[in-house]
Engineer: 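Before I ask anything, here is the structure I am working with.
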Amino acid sequence: MKPVKIKEGIFWVGAMDWDRRLFDSLIPLPDGTSYNAYLIYGSEKTVLIDTVDPSKVDILLSHVKDVQKIDFIISQHAEQDHSGAIPQILDKYREAKVITTPKGKGLLIDHLHIDGERIITVADGETLSIGGKTLEFMHTPWVHWPETMITYIHEDKVLFTCDLFGSHLATSGLYSEEDWKVSEAAKRYYAEVMMPFRVTIRRHIERLEKYQIGTIAASHGPVYNDPQCIIQLHREWVSDKVSNTVILPYVTMHGSTQLMVEYITESLSDKGIHVERFNLPVTDMGKLAIALVDAATIVFGSPTVLVGAHPLVMSASFLVNSLRPKLKFASIICSHGWGGKTVEQITGMLSNLKLEMLEPVIIKGKPKDDDFKSLEKLASEIADRHKKNSIV
Ligand code: FEO
């Protein structure tokens, strides 16, 4: 995509990455992503906000090939998908300085070996006038690293948010055209990247209430000219409100756990609870992350392998613990042949979460009548907890 004018003197000069399918060697990117960089022309100074991933340096350089002077590169986030082309921009523009937070300075030096003499640090709330445009820098730690900041241009009411409000989505246009696709991509992005920092992000969003925001220009995904929708979605995601949903990540080896999963799915559904199932060997883990954004309860289903939980269930429980969702209740259903430590292993994996553990259902072999009664009891306890906590 060629550079796109967003406002007078403000241009998108980033790069689309249609074919990337994995981020951090972990996060699935079914729709690719973009690295959004923005060129701002003041009457006195020219500024570049963020750069692009190292793999797309040539695209950024082609977008600025006719730009005679860049005075400042605003590095809002030191992660390489945004900072990766700073060395090349500094090489091309020998007078340019990088502006970042004090923590950002250390990270840029560590990760990119940028000369510290070329870095200026800014305090939270500090402003920079570039002639007709006033940039305010807001420190916003943990969106998504500890050094992150966002930038607001007062005259244009544009907020540059880097990872915050982003979505991994490559698009042929800069603005969101298919709202459903954008909201799913934004939720997936929030789930995979931002959810662990939910409480901090809530404070950042509250702080933004005093700003008039006409445009949100994040560094991944579409630009929002009507930003209230994406802000409101994030308000819901970071709130403490949970939905009347049970998530069921599970593995079955010989069908016994499958029978337990089938039974409890039906029983929960009969009680008016929404169930989302994830057969882990074939699950897109991004979909599981999305479900974790607002579900009230999780029930892990596992067979027993080498006297413990199935490795895919352990991996899923590790992910759940790391993402720190606002789950309130959890349980485990498991079939074994001659014993095992499945409950201890899964429970031990969930130490970050403030969960009430409901009595697991551990059975031997293929479920029998009494086992189904135990599953029925678990489903009733979940329904009861949801009701008592007004989770509807
Ligand atoms: Fe888009 Fe945290 O990098």
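As the structure lists them, so they are numbered: ligands from 1, and atoms in each ligand from 1.
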Engineer: Suppose the cut-off is 2.8 Å; which protein N/O/S atoms would you list for atom 1 (Fe) of ligand 1?
Structural biologist: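 Listed by chain and number: D81 OD2, H82 NE2, D163 OD1, H220 NE2.
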Engineer: If the plane angle is over 60° it's perpendicular, under 30° parallel, otherwise tilted; pick one for Y189 and H220.
Structural biologist: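 Geometry flag for H220 against Y189: tilted rings.
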Engineer: Answer yes if the ring centres of F160 and Y38 are under 6.0 angstrom apart, and no otherwise.
Structural biologist: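 Between F160 and Y38, the centre distance is under 6.0 Å.
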Engineer: When the aromatic ring centroids of H139 and F137 are compared, is their separation below 6.0 Å?
Structural biologist: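 Centroid distance H139-F137: not below 6.0 Å, so no.
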Engineer: When Y263 is tested against each of L375, I333, V361 for side chain to side chain contact (heavy atoms under 4.5 Å, CB included), which residue passes?
Structural biologist: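 Answer to the side chain to side chain contact (heavy atoms under 4.5 Å, CB included) test with Y263 among L375, I333, V361: L375.
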Engineer: Each residue besides L107 in its hydrophobic cluster should be listed here, by chain and number; the cluster joins Ile, Leu, Val, Met, Phe, Trp and Tyr at side-chain heavy-atom distances under 4.5 Å.
Structural biologist: W145
Engineer: At their closest point, which heavy atom of V313 faces which heavy atom of G301, and how far apart are they?
Structural biologist: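 Closest pair (atom of V313, atom of G301, distance): CG2-O, 3.6 Å.
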